[in-house]
Amino acid sequence: MSSEPSRTIFITTSIPYVNARPHVGFALELILADATARYFRAQGHEVRFQTGTDDNSLKNVRAAAEEGVPTRELVGRNVARFRELPGALSLSFDDFVETSSDERHRTAVEKLWTACANRGDIYKKAYRGLYCVGCEQFYTDTELVEGACRDHRTRPEIVEEENYFFRLERYASELLGRIESGQIKIAPARYRNEALAFIKAGLTDFSISRSRARAGDWGLPVPGDPEQIIYVWFDALCNYISGLGYGKPGPLFQKYWQDPSRRIHLLGKGVTRFHCVYWPAILLSAGLPLPTEINVHGYLTVDGVKISKSLGNGPDPATVAERHGKDALRYYLLRHIRAGQDGDFSLERLARAHDSDLADQLGNLVSRTLAMVGRYRDGVVPAAGLLEPIDDRLATEAGALASRIGEAMDQLRPDAALDALFGFFEAANKYVTDAAPWDWSKRCDRATTAAEKAAADSRLSTILYILVESIRVGAELLGPFLPETSAEILSQLGIPPPGSGTGTGAGTRFGKYPPHFVTKRGKILFPKSA
RNA sequence: GCCGGAGUAGCUCAGUCGGCUAGAGCAGGCGUUUCAUACGCGCCGGGUCGGGGGUUCGAUUCCCUCCUCCGGCACCA
């Protein structure tokens with residue numbers, strides 16, 4: 001195996017606006033990103049995984065107004081809920097950008113604006129629109145009901161204000177080329193097609209500022225024109241580079257934005273246009289590198305019903321994780337919500353996945369194996385003797401696992417990776433049945449000659465070794481997806497925690513771990529409730 | 001309206017360039033093992049592959065049409 005050169009990877013989630021507490025829909029994105037980041041780290045890449053919150057959204061202002069609290073207060077309260085997520089969901093992000101309070105962000109946005117302005121891509125133009133005073137919002141004709149605002153039943157007035165515009169049109173052909181050539185890889189393909197169709201339909205310059213009044217006096221002011229607030233999308237998209245210190249470029253920005261092998265954005269299908277069109281155009285204008293991959297996931301329904309932040313019908317991921325287990329939640333979201341597709345979240349299905357996949361297949365496999373090592377070998381893993389075909393088959397499958405998972409993860413497909421992993425655990429369970437170690441133990445006891453006893457004993461040892469080693473390899477590979485479970489299994493196998501022992505990469509190779517280490521039967525994995 | 005997806009066993013979905021008796025997982029039924037978290041393993045799926053039409057020796061897979069659902073074109077993870 002040739003060792004791949006170590007490469008750096010930058011991976012982000014989109015940043016949600018914080019008008020409410022986080023729900024499972026966003027947890028999906030965080031967990032997808034986390035598993036991906038952990039996977040690449042385990043592969044020896046230098047990874048920086050960043051997330052954050054979109055504090056400056058007008059939706060936050062509205063939510064605060066409805067509650068009658070200052071925007072700052074509402075944002076602060078909800079940001080805190082998002083910040084609790086890493087512990088609750090085992091997230092391993094390296095940085096968290098709060099757009100309303102992070103100095104790095106403010107300086108980065110200003111710098112980005114200035115860079116685009118210096119390029120001649122920002123200009124002032126009158127914006128005319130139908131404005132509802134009650135909503136403090138502009139509407140298009142189609143959003144109105146018989147010419148009136150549906151909330152206030154009043155006819156909006158025509159309001160005109162000067163805004164700054166971004167010369168999006170200038171970048172149409174360049175964007176087209178970058179996407180068609182695959183320099184920006186957009187997956188699934190339908191979102192790539194949508195972006196292309198959108199660009200081909202003709203791009204028009206878009207407004208990137210609001211009057212201070214229209215922005216609810218919330219957000220970042222335009223450099224040199226404090227009466228204008230920067231449009232929240234220009235602001236929010238910038239978070240990706242502000243966390244790397246774009247405002248004051250240093251080694252971090254160089255390493256993870258200028259030079260990395262991959263810049264990966266994970267996002268939901270609702271915000272593809274901003275990421276596939278606006279954001280790359282802004283970067284082109286500022287003379288910066290573009291994302292290499294834009295990976296789009298679908299939306300979650302809950303028991304078949306659309307999640308709505310304002311309705312608050314999205315389950316709180318922290319609560320679900322606490323009640324059903326973090327790894328059970330991670331597992332459900334990573335495997336049973338198929339990559340790039342919409343999916344349904346239900347506690348029943350989560351419970352079913354927990355019981356039949358995690359407890360019965362994986363947990364029980366570990367349990368029965370350690371029980372046999374305990375009973376037949378006093379907890380000490382024996383060395384293998386000669387391998388029979390049945391042993392070879394499982395060993396071969398174990399040996400191929402890493403590359404199968406690698407193929408899936410290179411396409412950012414944790415669901416496919418877990419398919420492979422759990423298919424392997426299933427094979428290991430079949431192996432137990434077929435190899436029937438208990439038979440060899442009995443044969444050992446009933447043996448009438450020393451040679452017969454030795455043969456049976458050796459066969460039993462081989463089976464146990466194959467089993468333990470299979471579980472070990474599986475557990476190593478499980479790490480990015482179910483970190484706690486992985487660590488617990490390795491610990492029960494008597495393997496020292498990462499950093500002190502098996503290391504990465506080679507640790508997923510079958511047959512590498514030496515025998516004679518002592519297992520420590522621990523707690524039941526995924527205990528079932530009833 | 002235009003563009004793009006999707007409609008396959010009770011549920012969730014796979015099905016490469018058209019072709020062996022259309023598959024998997026879950027749920028359910030039957031059987032079986034005993035190392036194990038009553039867990040595992042084996043067997044059981046006659047489903048008009050949304051409807052209709054067409055091309056073809058032959059279509060779930062190509063073409064047309066219709067129906068249903070969803071998304072984009074009109075600032076939601």
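A, B, ... follow the sequence lines: proteins, then strands. Residue 1 opens every chain.
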### Task
Answer yes or no: does a side-chain N or O of A:Lys59 lie under 4.0 Å from OP1 or OP2 of B:C76?
no

### Task
In whole angstrom, give me the gap between the C1' atoms of B:C44 and B:G25.
16 Å

### Task
Report the distance from atom CD of A:Glu348 to atom P of B:C26, rounded to the nearest whole Å.
18 Å

#### Entry: Nucleotide nearest A:Ser367 when distance is taken to its side chain, options B:A77, B:G71, B:U37
B:U37

### Task
Tell me what A:Phe526 touches on the nucleic acid: a base, only sugar-phosphate, or nothing, going by heavy atoms under 4.0 Å.
base

### Query
Any cation-pi pair here, A:Arg83 with A:Phe96, using under 6.0 Å and within 45°?
yes

### Query
Which of these nucleotides, B:A77, B:A14, B:U37, is closest to any side-chain atom of A:Gln341?
B:A14

### Message
Heavy atoms from C-beta onward define the side chain here; which of B:C41, B:C26, B:U12 lies closest to that of A:Arg349?
### Response
B:U12

### Task
Compare the minimum distances between each of B:A77, B:U37, B:C75 and the side chain of A:Ile524, then state the nucleotide with the smallest one.
B:U37

### Query
How far, in whole Å, is B:U68 from B:C17 if one measures between their P atoms?
30 Å

### Task
Look at atom CZ of A:Arg404 and say whether more than 12 heavy atoms of other residues, nucleotides or ligands are closer to it than 6.0 Å.
no

### Query
For A:Ala339, does its backbone N or O pair with a side-chain atom of A:Asp415 as donor and acceptor, under 3.5 Å?
yes

### Message
Checking contacts here: which listed nucleotide (B:C41, B:U37, B:C35) is nearest the side-chain heavy atoms of A:Thr433?
### Response
B:C41

### Task
Could you state the atom-to-atom distance from CD1 of A:Ile471 to C1' of B:C35 in whole Å?
12 Å

### Query
Can you tell me the Watson-Crick or wobble partner of B:C11, both distances under 3.5 angstrom?
B:G25

### Query
For A:Arg210, which contact category applies under a 4.0 Å heavy-atom criterion: base, sugar-phosphate, or nothing?
base

### Span that lies between the P atom of B:G19 and that of B:C66, in whole angstrom
28 Å

### Query
Do A:Tyr465 and A:Asp391 get their side chains close enough for a donor-acceptor pair, meaning under 3.5 Å?
no

### Task
Pick the P atom in B:U8 and in B:G50, then give their distance to the nearest Å.
6 Å

#### Entry: Interatomic distance, A:Asp344 CG vs B:C70 C1' [rounded to whole Å]
15 Å

### Query
Between A:Asp355 (CG) and B:C26 (C1'), how many Å, whole number?
12 Å

### Query
So what does A:Ala371 touch, heavy atoms closer than 4.0 Å: a base, only the sugar-phosphate, or nothing?
sugar-phosphate

### Message
Between A:Arg375 and B:A36, is there a contact of a side-chain N or O with OP1 or OP2 at under 4.0 Å?
### Response
yes

### Message
So A:Phe274, base contact, sugar-phosphate only, or nothing? Heavy-atom distance under 4.0 Å.
### Response
sugar-phosphate

### Message
Keeping A:His105 on the side-chain end and A:Asp235 on the backbone end, is there a donor-acceptor pair under 3.5 Å?
### Response
yes

### Message
Which nucleotide, if any, forms a Watson-Crick or G-U wobble pair with B:G58, using both distances under 3.5 Å?
### Response
none

### Separation of the C1' atoms in B:C67 and B:G53, to the nearest angstrom
15 Å

### Task
Pick base, sugar-phosphate or nothing for A:Val366, based on heavy-atom distances below 4.0 Å to the nucleic acid.
nothing

### Query
Rounding to a whole Å, what distance do you find between A:Leu525:CG and B:C39:C1'?
13 Å

#### Entry: A:Gln361 CD - B:C39 P separation (whole Å)
13 Å

### Task
May I ask you to say what A:Leu300 touches in the nucleic acid, namely base, sugar-phosphate or nothing, with a heavy-atom cut-off under 4.0 Å?
base

### Task
Identify the nucleotide, in any strand shown, that forms a Watson-Crick or G-U wobble pair with B:C30, with both distances under 3.5 Å; if there is none, say none.
B:G42

### Query
Within the stacking criterion (centroid distance below 5.5 Å, interplanar angle below 30°), does A:Tyr299 stack on B:A77?
yes

### Message
Taking the C1' atom in each of B:G51 and B:U12, what is the distance between them to the nearest angstrom?
### Response
24 Å

### Query
For the side chain of A:Lys430, counting heavy atoms from C-beta on, which of B:C35, B:G5, B:G42 is nearest?
B:G42

## Note on the structure
Comparing A:Glu29 with A:Ala427, nearest RNA chain B nucleotide closer to 5' gives the residue A:Ala427

### Query
The side chain of A:Glu194 lies closest to which of these nucleotides: B:G71, B:C35, B:C26?
B:G71

### Query
Within this structure, what is the CG-to-P distance between A:Leu267 and B:C76, rounded to whole angstrom?
12 Å

### Same-atom distance (P) from B:C64 to B:G47, integer angstrom
30 Å

### Query
Considering every strand shown, what is the Watson-Crick or G-U wobble mate of B:C49 when both distances are under 3.5 Å?
none

#### Entry: Selection from B:C35, B:C41, B:G40 that lies nearest to any side-chain heavy atom of A:Glu426
B:C41

### Summary
Of B:C75, B:A27, B:U33, the nucleotide closest to the side chain of A:Trp438 is B:U33

### A:Thr13 side chain to A:Glu29 backbone, donor-acceptor under 3.5 Å
no

#### Entry: Residue closer to the 5' end of RNA chain B, A:Arg368 versus A:Val232 (nearest nucleotide)
A:Arg368

### Task
Consider the side chain of A:Asn364, meaning its heavy atoms from C-beta on, and name the nucleotide among B:C75, B:A36, B:G71 that approaches it most closely.
B:A36

### Query
Should the pair A:Lys124 and A:Phe165 be classed as cation-pi, given the thresholds of under 6.0 Å to the six-membered ring centre and 45° from the axis?
no

### Message
Taking B:A24 as the reference, what is the distance to B:C49 when you measure between their C1' atoms (whole Å, please)?
### Response
15 Å

#### Entry: Pair A:Tyr164 and A:Trp113, ring centroids less than 6.0 Å apart
yes

### Task
Look at all strands and tell whether A:Asp360 reaches a base, only sugar-phosphate, or nothing, counting heavy atoms closer than 4.0 Å.
sugar-phosphate

### Query
Looking just at side-chain N and O atoms, do A:Arg377 and A:Ser461 make a donor-acceptor pair shorter than 3.5 Å?
yes

### Query
Please give, in whole Å, the distance from B:C75 C1' to A:Tyr17 OH?
11 Å

### Message
Going by purine N1 to pyrimidine N3 plus the second Watson-Crick contact, or the G-U wobble pair, all under 3.5 Å, which nucleotide sits opposite B:C2?
### Response
B:G72

